[in-house]
Asks: 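Mind looking over this structure? Questions follow.
Everything quoted here is computed from the prediction, not taken from an experiment. Side-chain atoms are counted along with the backbone in the values below, which use heavy atoms only and exclude waters and symmetry mates. Letters A, B, ... mirror the listed sequences (proteins, then strands); counts begin at 1.
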Amino acid sequence: MNALDVVLWVVAPYVALTVFALGHVWRYRYDKFGWTTRSSQMYESRLLRIGSPLFHFGILVVVLGHVGGLVIPKSWTEAVGVSEELYHVVAVVLGTIAGVATLGGLAILIYRRRTVGPVFSATTRNDKLMYAVLALTIVLGLAATVLANIVGGGYDYRTTISPWFRSIFYFQPDPSLMAGAPLLFQLHALSALLLFAIWPFTRLVHMLTAPVGYLTRPYIVYRSREEHRTGARAPQRGWEPSSR
Amino acid sequence: MKVMAQLAMVMNLDKCIGCHTCSVTCKQAWTNRSGTEYVWFNNVETRPGQGYPRTYQDQERWKGGWELNSLGRLKLKAGGRVRKLFSIFANPLMPSIQDYYEPWTYDYDRLFSAPMQEDTPVARPRSLITGEPTKISWSANWDDNLAGGPELAPADPVLRKVSDQVRLSFEQAFMFYLPRICEHCLNPSCVASCPSGALYKRSEDGIVLVDQDRCRGWRMCVTGCPYKKVYFNHRTGKAEKCTFCFPRVEVGIPTVCSETCVGRLRYIGIILYDPDRVVEAASVPDDKALYEAQKSVMLDPEDPAVIAAARASGIPEDWLEAARRSPIHKLIFEYGVALPLHPEYRTMPMVWYIPPLSPVVDVLSGTGHDGEDAGNLFGAIDALRIPIGYLAELFTAGDPAPVRAVLRRLAAMRSYMRRVNLGQERDESIAAAVGMTGEQVEGMHRLLALAPYGERYVIPKAHAEQGAQLEELATGCSLDYEGGPGMNGPFGEASGMPAPVAVENFHALRERQSGDDLDQAHELRGRVNLLNWDGKGTPDGLFPNGDGEKRS
């Protein structure tokens, strides 16, 4: 275990996750107005209707797969009778399908963004950076899965990467677990950390306010004038809130 | 019974000359920003015509508003909550910018920068969406005054519902203008469609607003509104809509569109209604019964039981007084001439319309008849089925009876008042023929024709008693603020919320009365308040020191 390993697999994750968490708090407090999907559907609908659901539903499955692979310990799945072979087959098949759907959707969306005039002119530099990091992460993840498991003999990341990932969250990070992982997995993890670090400052924030509350709230929302105040800050007492 | 107040509007279509002043002033006030170039909170459509956005009334295509499911219960026409969440990544019903129009500007710089040449330089149009040169082929009122009538008017979804025979003879028959704003519905489908819960109906006055801090740009409100009056700001990625000019009406002045209307055709007032009965009324099986059902939700402001319930619901006295004087209540109930726009959308719209009689009068006058004779007018209303059928599709879900009744009342007013103006004796029989008294007809004439400002707009101010608290008058406790007197905020002196001026004045005065010298202001917590500096002494921090340092 050398210093580089500590920097990459201890320092970097904590920095990225701290930026992720505090960045969202900061963004929510000071830029609620900018917290939006910034949909470009008004400009172009035909490509979006294929690309966007393909990408979003794909990435949702990918996220679920990561929860299953990283968060749930191998011992738990084995305790309920899921063998390593079974897990492996399911994870590789499902992961590859979802990964290809995600990547295909993303390719359509990026193609649309570049070629459709109004969409391109509504694309900021921030968006471009975000798309690059997002695409890199997805490509590396898919490549790692495909190369290690389909071309190669298979790699059981649940004995190395997953414990490392969990060790971060109970504050006993073990960089040696990660240091021995194949290069593609390492690169995928690093680019994911970079993605988490820029996340709060991009349009990806819309994910954190996925409207699941819609399923349970009453249809018609009534709000009183007093409850609602404009702006992200609490208004100062006095003359400012003319709506009061 | 719970009682809520609702700000509502009535527009008298007979007086609309289609000048678009309301649209222009509204745009100047609210949507003259980038991203809202195509947004018209207020627009004026020529009927028959396609409307804005194009064919928005075709709910088979756009699926706005509510419908009844097989159990007879109200559901969103575009699908329920689960379906909405599944189509959130690409909303299949979202209008494109082409359904509105591609906003443009002109290459004005060409006029100055073009080299000397034979021809006059021209400023070519450029799209504000792409920045490229564009060809203007549509706009918010492209079919104004039936422009392109034979090609464009047949696409009017309302016209298509009326039979073929009507369609052919239609454009000779009549044309009128329909100014539209957000309906501020009692049962708003845009609010119900918003996944984030960013759209809400204000409980004090019923204005439907978008919380810009909570909107996440899911776009479901745009498709949920059957009137297509929620717009997507394509720069900020947030929904925006007509605000009923709430900063204006809160202080008792009318909306910009009303204030600037040259025809003085808009009326603003309060309606009291029972919110618990809205869903029930919006669920009546027969579309044609929705007009009466919506009326049944509105309460009589003179009824002592309603007044008592309204007080119990916390509606202030001045609002109850405004509800009793409301021109809206008069036009809907006492005179019975206002009708809702598209009640069949089941959103319970609160901007109502007095249908135009002028097309009927025009046809009569054009054929050499006396257009103000009661007998002629009554006959013509019944004979000219075309306008009635069309108006009924707009205002009563296709039921001609209420439209006919309204037009007959307007006709009766016309001929009754002509006799008055010509110095003839008042003919009660004309009023009686439409179920009114002469006095009522004259009252209606005063409201519709003379339309005094103070009677057109009866707008109670927003909670005057709270305003008093704001100004720290005696209605609230002046020590009632964060931390209380003498307390500092969490980060030391002068942090936290500032102390009310009254408290500061109190301490300063006490200091002045009991202190040794005039400029001692230790109780001022290190801040200078010019309001309590009477010119005597030099309080700390107010003047610089001679040597450039702050006085200690």
Side-chain angles (χ1 to χ4, degrees), chain A residues 31-46 48-57 105 116-122 203 205-206 209-232 234 236-239 241-244, chain B residues 4 76 81-82 84-85 87-92 94-97 100 127 129-132 187-188 191-192 194-205 209 211-219 232 234-238 246-247 250 275 278 462-463 466-467 470 481-482 497-498 500-501:
Chain A
D31 186 32
K32 275 189 204 142
F33 183 63
W35 197 296
T36 159
T37 57
R38 248 187 40 247
S39 162
S40 57
Q41 191 178 357
M42 267 201 100
Y43 300 140
E44 199 279 344
S45 206
R46 203 174 48 88
L48 183 90
R49 282 187 61 183
I50 308 165
S52 178
L54 205 56
F55 169 77
H56 281 99
F57 286 119
V116 179
V119 186
F120 186 56
S121 59
R203 61 202 294 176
V205 289
H206 73 264
T209 47
V212 283
Y214 184 52
L215 292 172
T216 51
R217 75 143 220 260
Y219 264 140
I220 308 296
V221 179
Y222 292 97
R223 266 213 252 166
S224 169
R225 205 168 18 229
E226 289 123 301
E227 284 173 37
H228 176 61
R229 301 249 166 78
T230 50
Q236 300 292 293
R237 182 213 55 79
W239 302 268
S242 59
S243 65
R244 209 180 139 182
Chain B
M4 283 174 98
L76 287 168
R81 302 166 197 266
V82 176
K84 281 229 152 56
L85 289 192
S87 58
I88 210 164
F89 302 130
N91 183 345
M94 176 82 179
S96 76
I97 192 77
Y100 299 93
S127 164
I129 302 287
T130 59
E132 300 296 313
N187 186 31
V191 174
C194 175
S196 314
L199 272 124
Y200 61 98
K201 194 166 176 62
R202 285 216 305 204
S203 45
E204 288 90 352
D205 49 19
L209 293 172
D211 183 342
Q212 292 288 308
D213 278 350
R214 282 182 73 168
C215 174
R216 309 278 174 242
W218 302 119
R219 320 177 291 291
F232 188 72
H234 58 88
R235 290 261 176 245
T236 62
K238 304 245 167 176
F246 71 86
E250 276 175 3
V278 166
H463 293 263
Q466 291 180 353
L470 188 70
Y481 64 96
E482 192 181 271
M497 305 282 271
V501 175

Asks: Which one of B:Asn91, B:Val278, B:Thr130, B:Asn187 has the most heavy-atom pairs closer than 4.5 Å to chain A?
Replies: B:Asn91
Asks: Contact part of B:Leu85 toward chain A, heavy-atom cut-off under 4.5 Å: side chain, backbone, both or neither?
Replies: side chain
Asks: Just how far is it from atom OG of A:Ser52 to atom CD1 of B:Ile88, taken to the nearest 0.5 Å?
Replies: 10.0 Å
Asks: Give the minimum heavy-atom separation between B:Glu204 and A:Ser224, together with the two atoms involved.
Replies: OE2-OG, 2.6 Å
Asks: Under 4.5 Å from any heavy atom of chain A, what part of B:Pro95 do you find: side chain, backbone, both or neither?
Replies: backbone
Asks: Can you find a pair of side-chain heavy atoms, one from B:Cys215 and one from A:Thr36, that are under 4.5 Å apart?
Replies: no
Asks: Distance check, rounded to the nearest 0.5 Å: A:Gln41 atom CD versus B:Trp218 atom CH2?
Replies: 12.5 Å
Asks: How far does OH of B:Tyr100 sit from CE of A:Met42, to the nearest 0.5 angstrom?
Replies: 5.0 Å
Asks: Under 3.5 Å, side chain of A:Thr37 to main-chain N/O of B:Arg216, donor-acceptor pair present?
Replies: yes
Asks: Restricting to salt bridge (Lys or Arg N to Asp or Glu O under 4.0 Å), what partner residues turn up for B:Arg214, sequence neighbours left out?
Replies: none
Asks: What is the distance from atom CZ of B:Phe89 to atom OG of A:Ser39, rounded to the nearest 0.5 Å?
Replies: 12.5 Å
Asks: Looking at chain A, which one of B:Glu132, B:Met94, B:Met4 has the largest number of heavy-atom pairs inside 4.5 Å, strictly under?
Replies: B:Met94
Asks: With a 4.5 angstrom heavy-atom cut-off, which part of B:Val82 approaches chain A: side chain, backbone, both or neither?
Replies: both
Asks: Heavy-atom pairs under 4.5 Å with chain B - which of A:Arg217, A:Glu44, A:Arg49 has more of them than the others?
Replies: A:Arg217
Asks: Should the ring pair B:His234 and A:Tyr43 be called parallel, tilted or perpendicular, given that the plane angle runs from 0 to 90° and is split at 30 and 60?
Replies: perpendicular
Asks: Please flag which part of B:Asp205 lies under 4.5 Å from any non-hydrogen atom of chain A: side chain, backbone, both or neither.
Replies: side chain
Asks: Strictly distance-based, threshold 3.5 Å: is any side-chain N or O of A:Tyr214 a donor or acceptor partner for the main-chain N or O of B:Ala192?
Replies: yes
Asks: If you round to the nearest 0.5 Å, how far is CZ of A:Arg223 from NZ of B:Lys201?
Replies: 14.0 Å
Asks: Let's test your reading of the structure: which of A:Leu48, A:Val119, A:Ile220 forms the most heavy-atom pairs below 4.5 Å with chain B?
Replies: A:Ile220
Asks: Pick whichever of A:Val221, A:Val212, A:Val205 has the most heavy-atom pairs under 4.5 Å with chain B.
Replies: A:Val221
Asks: With chain B as the partner, which of A:Ile50, A:Val116, A:Leu215 has the greatest number of non-hydrogen pairs under 4.5 Å?
Replies: A:Leu215
Asks: Name the member of A:Pro211, A:Gly213, A:Pro218 that forms the most heavy-atom pairs with chain B at distances under 4.5 Å.
Replies: A:Pro211
Asks: At a heavy-atom separation under 4.5 Å, does B:Leu199 approach chain A through its side chain, its backbone, both, or neither?
Replies: backbone
Asks: Any donor-acceptor pair under 3.5 Å linking the side chain of B:Lys238 with the backbone of A:Phe33?
Replies: yes
